[in-house]
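Lettering of chains follows the sequences in order, A, B, ..., and the numbering in each one begins at 1.
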Amino acid sequence: MAVTGLVFIGYVLLHMYGNLKVFAGQEAFDEYAHHLRTFGEPMLPHEGLLWIIRAVLLLSIIGHAYAAFTLWGRANRARTQKYVVKKAVAATLSSKMMRWGGVTLLLFVIFHLLHFTTRTINVNGDKDSPYERVVSSFQPEMWWVTVIYLLAMGALAMHLRHGVWSACQTLGLTNNAKSRARANFAGVFLAVVIAGGFALVPLSILLGIVD
Amino acid sequence: MSAPDGTKTGMKLTLNIWRQPDATSPGKMHTYQVEDVSEDMSFLEMLDVLNEQLNAAGEDPVAFDSDCREGICGMCGLMINGQAHGPVTTTTCQLHMRSFKDGETITIEPWRADAFPVLKDLVVDRGAFDRIIQQGGYISVNTGSAPEAHSVQVPKEDADRAFDMATCIGCGACVAACPNGSASLFMGAKITHLGQLPQGQAERDKRVVNMVAQHDHEGFGGCTNIGECTSACPKEIPLDVISQLNKDLRTAMKHGR
Amino acid sequence: MTDSHSEFSSDVDSHADAPTIDPDLIDDAIDYYTPGEPIVDAKAPTGPIDQRWSTRKFEARLVNPSNRRKLDVIIVGTGLAGASAAATLGEAGYNVKSFCYQDSPRRAHSIAAQGGINAAKNYKEDGDSVHRLFYDTVKGGDYRSRESNVYRLAEVSTNIIDQCVAQGVPFAREYGGLLDNRSFGGVQVSRTFYARGQTGQQLLIGAYQALERQVAAGTVTTYTRHEMLEVIVAEDEAGQSRARGIIVRDMVTGEIETHLADVVVLASGGYGNVFYLSTNAMGCNVTAAWRAHRKGAYMANPCYTQIHPTCIPVSGPHQSKLTLMSESLRNDGRIWVPKNKADCAKDPREIPEEDRDYYLERIYPSFGNLVPRDIASRAAKYQCDDGRGVGPEVEGVRRGVYLDFADAIGRLGRDAVEEKYGNLFDMYARITGEDPYETPMRIYPAVHYVMGGLWVDYDLQSSIPGLFVTGEANFSDHGANRLGASALMQGLADGYFVLPHTIRDYLADGPFEKLEESHPAVVEAKAAVEERINHFLTVGGTRSVDSYHRELGHIMWEYCGMERTEDGLKKAIDLIRTLKDDFYRNVKVLGTADSLNQSLEKAGRVADFIELGELMCIDALNRRESCGGHFRAESQTEDGEALRHDDAFAYVAAWEFVADGEKPILHKEDLTYTAIEMKQRSYK
Ligand SMILES: Cc1cc2nc3c(=O)[nH]c(=O)nc-3n(C[C@H](O)[C@H](O)[C@H](O)COP(=O)(O)OP(=O)(O)OC[C@H]3O[C@@H](n4cnc5c(N)ncnc54)[C@H](O)[C@@H]3O)c2cc1C
Ligand code: HEM
Ligand code: HEM
Ligand code: SF4
Ligand code: F3S
Ligand code: FES
């Protein structure tokens with residue numbers, strides 16, 4: 001779980017960095033998208049790296065979801081008779097939302113792939129330039145796309161907030177009060193940076209900062 | 001602390017209590033009234049009063065566990081208004097009625113975990129904890145074969161940390177509070193206690209692997225690091241121990257266990 | 001936290017100079033008992049005291065390892081005394097069954113011990129030695145314990161610490177990494193090993209883990225939530241009666257089970273709960289011991305109880321138990337009551353200095369607040385009886401005295417006081433709702449430990465062959481008073497190092513012929529248990545079990561508590577007999593026999609406490625002397641101090657049960673000392 005989670009964190013970090021190239025203009029962004037596909041050529045076939053990443057991601061999501069659902073099932077079996085009254089004292093909202101948040105993320109990723117990768121869902125006319133595809137998707141008249149993305153970023157923030165801390169704990173990195181506080185901070189920090197970083201793109205487009 | 005006018009005796013309370021005749025019969029909540037509760041009573045003494053009342057009325061008294069009534073044996077444990085051991089960081093027997101208000105309704109349930117089956121009313125079976133300890137929660141040393149105590153030195157910090165983790169009283173509040181019904185805090189406390197001492201090293205890998213296997217076998221849930229356990233723990237066992245547990249488990253796996 | 005006060009100061013000792021008393025006078029109890037044969041041989045080897053134990057170990061016969069598997073051992077109790085014995089005998093390869101009434105062996109009441117455990121390690125090089133620990137213990141017991149037993153206890157004390165450290169017991173350590181010691185309970189050397197305020201817990205968890213290890217190894221089977229209700233004593237072919245098993249009730253299903261074995265060990269703890277309010281756990285009982293007593297095991301010195309001066313006072317009629325606070329508080333706190341009765345209800349901070357009576361400092365100027373437990377306890381009682389107690393009125397009397405830290409806070413600063421006593425202050429605040437940093441604490445004495453118990457010989461075997469008794473349940477090592485931190489030592493000494501050696505001598509004759517469940521002794525024991533249970537459930541009376549227990553407690557506390565008189569004890573015996581009668585006719589126990597029934601459990605325990613209470617009073621009545629924790633008003637010096645009568649009472653009173661309603665028989669075992677000289681104590 002922790003390992004796959006960390007893979008995701010690594011990926012979203014890279015991806016966010018990539019997305020922020022939107023601010024560097026169309027050329028830079030398209031260049032980057034192109035570069036992604038030709039990276040390592042001729043040692044790797046066209047889109048080689050991309051497929052490696054895709055494979056790792058796919059395996060990770062399968063492993064991650066499998067572990068998540070197993071834990072979920074065990075938890076349900078561990079307490080079949082629920083409390084009439086149960087108060088949570090320490091649990092953060094994020095920690096309680098992990099499972100549904102994860103499912104939300106999964107749904108989002110599917111939507112997202114259909115949107116940008118397979119281009120099955122065409123929001124605002126199919127464009128050849130990746131840059132244009134992005135920019136056109138988040139135009140004010142297509143406000144609901146932005147809403148979906150922003151909601152997903154909310155879910156992502158929460159998932160990461162608990163996930164980062166949890167991964168540290170699971171990896172045994174937090175066996176004193178100080179390291180525990182650090183892991184918690186890292187959770188909040190990464191959540192804000194990553195979700196915030198992602199959100200910048202649609203927001204800027206929406207507000208016309210990028211066009 | 002007592003109210004300015006000094007009166008907090010004679011509180012009236014409504015109690016919603018889980019009643020279940022035995023392990024196999026279904027249970028349900030019942031409502032009772034108690035009067036004349038003094039703020040100096042412990043929570044369990046308040047239940048004693050209820051039981052005297054029920055006995056007088058010819059109704060079966062509410063069964064609940066307690067023994068030392070001073071917060072050390074770990075026998076007591078009730079879910080009070082949705083919190084394990086109630087609203088204060090202590091054991092149920094050390095919770096006093098001054099933490100409640102006149103006229104309040106209090107919901108009292110047993111620990112809920114399938115690994116802790118209810119035996120009657122508020123009494124549960126925590127034998128699973130003993131079985132986890134049987135799988136390695138000890139240092140193997142036969143009587144009489146111990147070396148002179150001063151032949152092993154233990155840095156004070158290590159000894160103190162071992163002590164902190166050894167204060168677990170095996171009450172089960174961590175399981176009761178954990179949304180996943182996990183006993184990781186209990187297990188982590190033992191693993192950290194023994195793992196912190198030089199004497200505990202020889203069996204370290206085997207201990208963690210076997211204890212975790214027994215834990216899972218008993219039907220406790222897995223830990224997803226939610227942290228409810230530690231805030232319910234009357235002995236304030238910190239979350240560190242779960243991290244230590246995971247680390248020891250990883251090390252053991254590396255060693256091919 | 002160090003207890004530096006001196007329970008026994010060697011400087012003030014004077015030789016016993018008690019006047020010889022008229023033997024007619026001392027037989028206060030003669031109407032209540034039948035004199036019996038003296039006990040002449042308690043089976044201790046003779047010879048130099050420091051060689052007796054090795055002699056006994058060597059002479060005790062061995063059991064071939066391959067035979068051990070065929071020998072069944074029953075151990076009732078999983079406290080320090082029981083768990084350590086079960087683990088050790090399991091390791092040795094015997095087939096052990098271990099019983100406790102709690103839901104886990106780890107919860108035995110040993111867990112509650114706070115202060116520490118003594119051992120003659122002399123790590124501090126302050127002059128400690130086996131001999132000194134022996135000497136302190138015999139003297140502490142006011143010369144009413146057996147010297148051979150006590151010497152052995154001191155001898156094995158050092159092994160206990162080695163054993164526990166190897167098990168991972170986290171004793172306090174110094175920065176250098178070595179074990180720390182403190183002085184405790186009034187001795188002048190630092191020999192007490194401790195684990196903060198939770199020594200008992202840590203030691204018990206060590207023993208519990210050793211026990212669970214044997215469970216995993218298959219040598220020990222644990223029976224939790226099982227209460228022993230009867231012992232099976234059967235004659236073998238040679239006409240020799242032996243303890244051969246027990247009858248227990250599965251407290252969850254209510255099933256009455258028979259467990260047979262070659263030997264039975266009782267490690268069932270103390271009976272302080274006969275007083276209803278004590279520092280013992282709710283479930284502590286005398287049932288296991290009392291049932292054995294009724295089957296022929298002598299009960300020795302039942303009146304010897306230890307009352308601890310620093311407990312949190314009773315707050316109201318609802319009180320179910322009392323909480324002990326470490327005695328160390330007396331090192332810095334000053335004890336006082338108002339001089340004027342009119343001030344008793346006032347806020348103590350408003351009572352000016354000149355209106356306060358620091359009575360211990362006044363009466364015992366050299367020891368002050370650090371006088372021994374029994375003296376401090378009695379003095380507090382006198383103040384309250386005199387109407388100068390403080391705190392809430394419970395049944396018309398204020399039972400509490402102030403333990404004031406204002407001076408200490410002024411002198412040392414709040415931080416230093418917090419550092420030393422913080423956790424105790426927190427506990428006090430949680431229980432009473434008062435802040436001890438702001439207003440003085442209130443304390444009152446409470447029953448804490450019983451030195452009396454089943455009589456055992458040097459081998460820890462009772463007067464029933466094959467029934468061994470260890471820990472607080474036996475009477476053996478503390479005489480008329482116990483030193484702080486010595487009960488834990490005794491429990492572990494018995495279980496780890498003594499019993500395993502002595503029991504093998506007995507088992508060398510085994511396995512004994514197999515007993516059938518149809519054997520008359522088994523049938524009789526089981527029927528008796530069932531009949532009793534049935535009786536309780538069908539009396540259909542009107543009073544709850546608790547109300548009887550509370551009443552018994554009142555009687556015991558009033559007449560057989562800190563100070564005992566002939567008239568009071570006689571009155572108590574009458575009251576108890578009436579109470580017993582009423583109990584059997586009028587108790588109300590609801591529910592069924594075949595389910596978890598906590599009222600039923602309590603009924604059985606209270607029934608036995610009532611019978612024990614009567615015997616305690618008879619024992620106290622018989623002992624017309626003040627010794628250790630036992631203070632007879634008729635036996636005091638001119639200035640009100642305890643007066644011992646070695647000429648008339650230097651014996652163990654071992655009581656034999658005859659039949660319900662009949663007088664018990666008193667067997668006397670004379671105490672002789674070869675390695676130590678008897679002295680009278682004094683604290684003025
Ligand atoms: C609050 C407190 C503080 C103390 N502090 C100290 C201290 O600092 N130092 C010190 O040396 N001593 C101290 N003592 C005394 C000491 O703790 C006890 O004397 C000692 O632990 C007794 O151990 P035990 O094994 O004999 O009995 P226990 O630990 O009481 O065990 C009794 C066992 O018998 C079982 N049992 C009893 N009756 C039955 C039955 N009928 N059927 C089945 N099982 C039964 C119980 O389940 C339990 O397992 C303290 C005592 C108290 C109460
Ligand atoms: C199928 C959908 C998903 C579900 C059900 C799900 C569920 C969970 C759960 C229950 C945890 C907690 C595990 C723990 O605390 O140990 C978790 C952790 C984590 N998740 Fe997800 N998740 C999903 C998808 C995702 C996605 C798409 C990402 C990436 C963006 C992600 C990133 C993480 C991270 C980084 C962790 C922390 C790893 C750890 O705790 O060890 N998850 N997930
Ligand atoms: C506002 C936020 C986001 C924007 C604007 C965005 C944009 C894009 C774009 C333009 C692509 C296509 C890249 C290409 O094919 O060259 C893409 C691919 C992808 N994105 Fe995002 N993305 C966002 C958030 C996320 C998040 C949060 C995740 C994961 C949790 C994610 C996962 C992916 C994946 C898996 C791909 C497919 C990569 C591949 O081709 O294999 N994206 N994204
Ligand atoms: S870890 Fe805490 S809550 Fe859990 S059993 Fe131990 S003391 Fe109780
Ligand atoms: S609450 Fe449960 S999820 Fe883990 S951190 Fe505690 S065991
Ligand atoms: S009854 Fe012992 S901890 Fe509460």
Only counting residues at least two apart or in another chain, list the ones meeting ring pair (Phe, Tyr, Trp, His ring centres under 6.0 Å) with B:Tyr138.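 Testing B:Tyr138 for ring pair (Phe, Tyr, Trp, His ring centres under 6.0 Å), a comparison that skips the adjacent residues, returns none.
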Positions in residues 187-196 of chain B that reach chain C, provided some heavy atom is under 4.5 Å away: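 Residues of residues 187-196 of chain B touching chain C at under 4.5 Å: B:Lys190, B:His193, B:Leu194.
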Under a 4.0 Å N-O cut-off, is there an ion pair linking B:Asp164 with C:Arg196? yes
Please check if any side-chain donor atom of B:Glu70 sits under 3.5 Å from a side-chain acceptor atom of C:Thr323, or the reverse. no
Can you tell me if C:Ser104 and B:Asp130 form a side-chain donor-acceptor pair at under 3.5 Å?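 Indeed, the side chains of C:Ser104 and B:Asp130 share at least one donor-acceptor pair under 3.5 Å.
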Minimum heavy-atom separation for C:Ala112 to B:Ile72, with atom names? CA-CG2, 3.7 Å
For B:Ile139 against C:Gly168, the heavy-atom pair lying closest together: CD1-CA, 3.8 Å
Ring pair (Phe, Tyr, Trp, His ring centres under 6.0 Å): which pairs involve residues 39-76 of chain B, sequence neighbours left out?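 Listed once each, the pairs are B:Phe43-B:Phe100.
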Under 4.5 Å heavy-atom distance to chain C, tell me which part of [X] shows up: side chain, backbone, both or neither.
X: B:Asp22; answer: neither
X: B:Glu148; answer: both
X: B:Leu44; answer: neither

Salt bridge (charged side-chain N to carboxylate O under 4.0 Å, His left out) partners of C:Glu174, counting only residues at least two apart: C:Lys124
